[in-house]
Amino acid sequence: MHCHPSQLRHIMPAPRPVPIGNLLLRSLEAGDLAYIKPHLEPVSLNEGHVIVAQDEPITFVCFPECGVTSIADVQADGSRVEVALVGREGMTNSQLLLGCDQAPHEAVVQIGNGRSLRLSAQMLRTFCSERPQAHALFLRYIHTLSVQTARTLASNLRDDAEKRLSRWLLMCHDRIEGDEICLMHEHIGRMLGVRRATVTDCLHLLEGRLAIRCTRGRILVRDRKVLEDLASDSYGFAEGHYRRLIGPFGRA
């Protein structure tokens with residue numbers, strides 16, 4: 001049966017499937033991705049949203065498609081120190097895969113207005129039980145996250161504030177769309193464990209080196225190479241592990 005040309009004008013094209021923006025999910029085998037895709041729920045992750053509080057039961061995981069989530073250790077006095085960053089390369093609440101059903105750290109969205117795909121804890125367990133290749137991939141991701149955390153600890157102990165900030169900006173830049181990081185100085189200071197004034201001074205130094213340009217609440221990355229030179233060996237080690245064990249990642 002053939003359609004008359006006038007009828008063709010009224011046939012709407014089928015919508016194209018929206019590609020998944022999370023790099024970890026995109027690294028799954030095609031069959032594994034097809035298995036899990038119907039169970040992924042799109043959610044918004046706005047700035048300041050607490051995905052999970054420290055010591056809270058873990059009932060789901062999130063696979064961010066954009067935005068940056070800070071994994072922070074919360075002290076008894078309420079202060080926070082960032083121990084890792086998670087963005088489109090990973091997943092939150094990955095401790096579930098290690099048999100932990102209670103969050104050891106807080107996960108809060110630092111750079112938001114982003115998107116994420118949420119999966120229930122029970123579905124994640126079922127998926128990993130039935131799909132061993134996917135389980136192995138997620139465990140490799142947990143390894144890269146532990147490498148990042150160890151390098152963060154080493155940097156906090158030995159590096160000056162400018163070097164630490166350069167590393168942190170690079171890590172955020174790897175996880176966002178575009179070159180603009182929207183975050184206030186006091187938030188950066190809390191995550192790095194330094195005073196707001198120290199962050200401001202370091203940003204001025206980086207501006208003087210033409211690495212960035214700052215306006216209120218916005219940091220534009222102008223010359224990534226300058227940041228990489230300043231960060232030196234504090235940046236790139238964990239990212240290299242990710243590329244070797246999982247797939248392409250970063251701005252290289």
Side-chain angles (χ1 to χ4, degrees), residues 22 24-25 36 39-129 134-135 137-157 164 167-168 171-172 175 183-184 186-196 199 238 242:
N22 180 272
L24 185 59
L25 290 177
I36 198 63
H39 303 282
L40 296 169
E41 175 192 5
V43 294
S44 295
L45 292 180
N46 296 320
E47 184 179 326
H49 177 77
V50 178
I51 296 175
V52 65
Q54 189 163 293
D55 297 326
E56 186 176 270
I58 301 174
T59 59
F60 60 87
V61 298
C62 281
F63 296 91
E65 294 189 293
C66 63
V68 180
T69 294
S70 173
I71 310 302
D73 188 58
V74 183
Q75 305 297 304
D77 63 359
S79 61
R80 289 159 171 78
V81 177
E82 185 175 87
V83 296
L85 287 180
V86 176
R88 58 189 175 190
E89 85 293 349
M91 62 191 292
T92 68
N93 301 341
S94 57
Q95 300 87 0
L96 272 172
L97 295 174
L98 303 178
C100 177
D101 60 2
Q102 188 170 313
H105 300 111
E106 178 185 77
V108 59
V109 180
Q110 285 294 339
I111 302 174
N113 301 322
R115 306 177 304 273
S116 184
L117 297 170
R118 185 166 63 188
L119 182 68
S120 72
Q122 183 55 52
M123 190 61 224
L124 178 70
R125 294 188 186 101
T126 300
F127 179 53
C128 289
S129 173
H135 189 196
L137 175 72
F138 290 163
L139 290 178
R140 292 199 299 276
Y141 168 69
I142 293 175
H143 168 70
T144 67
L145 193 62
S146 71
V147 173
Q148 182 201 139
T149 300
R151 190 49 58 109
T152 296
L153 173 61
S155 181
N156 287 347
L157 288 173
R164 290 168 57 197
R167 173 181 184 260
W168 190 85
M171 292 171 67
C172 288
R175 291 166 171 82
L183 203 59
M184 302 298 288
E186 54 264 32
H187 292 169
I188 300 173
R190 279 202 296 270
M191 292 303 101
L192 293 181
V194 300
R195 296 184 304 114
R196 179 191 183 281
V199 173
Y242 186 99

(message) Under the criterion side-chain contact (heavy atoms from CB on, under 4.5 Å), I'd like the reasoning laid out for Arg115 against Cys66: C-alpha separation, chi angles, the key distance, then a yes or no.
(response) CA-CA 6 Å; Arg115 306 177 304 273; Cys66 63; 3.7 Å; yes

(message) Just verifying a value: how many Å separate Leu119 CG and Ile36 CD1, rounded to the nearest 0.5 Å?
(response) 4.5 Å

(request) Taking the side chain as every heavy atom from C-beta outward, state whether Arg118 and Glu41 have any pair of such atoms under 4.5 Å apart. (result) yes

(message) If we ignore hydrogens and angles and just use 3.5 Å, is the side chain of Thr149 paired with the main-chain N or O of Leu145 as donor and acceptor?
(response) yes

(request) For Cys172 and Ile111, work out which heavy atoms get closest and say how close. (result) SG-CD1, 4.0 Å

(request) Could you tell me whether a side-chain N or O of Thr69 sits under 3.5 Å from a main-chain N or O of Ala107, the two making a donor and an acceptor? (result) no

(request) Considering non-hydrogen atoms only, spot the tightest contact between Ser70 and Leu85 and give its length. (result) CA-CD2, 4.1 Å

(request) Find out whether Phe60 and Val52 are in side-chain contact, i.e. whether some heavy atom of one side chain is under 4.5 Å from a heavy atom of the other. (result) no

(request) Measure the shortest side-chain to side-chain distance between Val83 and Thr152 over non-hydrogen atoms and say whether it is less than 4.5 angstrom. (result) no

(request) Indicate yes or no: at least one non-hydrogen side-chain atom of Cys62 is less than 4.5 angstrom from one of Leu117. (result) no

(request) Take Asn46 and Ser44, measure what side-chain hydrogen bond (donor to acceptor under 3.5 Å, both in side chains) needs, and give me the verdict at the end. (result) CA-CA 6 Å; Asn46 296 320; Ser44 295; 5.3 Å; no

(message) To the nearest 0.5 Å, what is the distance between CG on Asn93 and CD1 on Ile71?
(response) 7.5 Å

(message) Could you measure the distance from the NE2 atom of His39 to the CZ atom of Phe127? Nearest 0.5 Å is fine.
(response) 9.5 Å

(request) Start with the C-alpha gap between Leu192 and Asn156, add the side-chain angles, then the distance that decides, and say whether side-chain contact (heavy atoms from CB on, under 4.5 Å) holds. (result) CA-CA 8 Å; Leu192 293 181; Asn156 287 347; 5.5 Å; no

(message) Does any part of the side chain of His105, heavy atoms only, come nearer than 4.5 Å to the side chain of Gln54, both counted from C-beta?
(response) yes

(message) When you compare the side chain of Ser146 with that of Ile142, does any pair of heavy atoms fall below 4.5 Å?
(response) no

(request) Provide the closest heavy-atom pair for Ala103 versus Ala53 in the form atom of the first, atom of the second, distance. (result) CB-O, 3.5 Å

(request) Locate the shortest heavy-atom distance separating Asp73 from Pro104; write the atom from each residue and the value. (result) OD1-O, 4.4 Å

(request) Give a yes or no on whether the backbone of Leu183 and the side-chain of Gln110 come within a donor-acceptor separation of less than 3.5 Å. (result) no

(message) Distance check, rounded to the nearest 0.5 Å: Leu25 atom CG versus Phe63 atom CZ?
(response) 5.0 Å

(message) How long is the straight-line distance from CG of Leu124 back to CG of Leu97, given to the nearest 0.5 Å?
(response) 4.5 Å

(message) Any heavy-atom pair between the side chains of His143 and Val147 that's under 4.5 Å?
(response) yes

(request) Apply side-chain contact (heavy atoms from CB on, under 4.5 Å) to the pair Val86 and Met91, showing each step before the final yes or no. (result) CA-CA 7 Å; Val86 176; Met91 62 191 292; 5.8 Å; no

(request) Please report the closest heavy-atom contact between Gly193 and Arg164, naming both atoms and the distance. (result) N-NH2, 4.4 Å

(message) Are Val109 and Ile51 packed together at the side-chain level, in the sense that at least one heavy-atom pair is separated by less than 4.5 angstrom?
(response) yes

(request) Take Leu137 and Leu24 through the side-chain contact (heavy atoms from CB on, under 4.5 Å) test and state the conclusion after the steps. (result) CA-CA 8 Å; Leu137 175 72; Leu24 185 59; 4.0 Å; yes

(message) Closer than 3.5 angstrom, by distance alone: can the side chain of Asn22 be matched with the main-chain N or O of Arg88 as a donor-acceptor pair?
(response) yes

(request) Tell me, yes or no, whether the heavy-atom count around Arg195 atom CZ, taken from other residues, nucleotides or ligands under 6.0 Å, exceeds 12. (result) no

(request) Find the distance between CD (Gln122) and OG1 (Thr59) and round it off to the nearest 0.5 Å. (result) 12.0 Å

(request) Determine the interplanar angle of the Tyr242 and Tyr141 rings, folded into 0 to 90°, and report it as parallel if under 30°, tilted if 30 to 60°, perpendicular if over 60°. (result) perpendicular

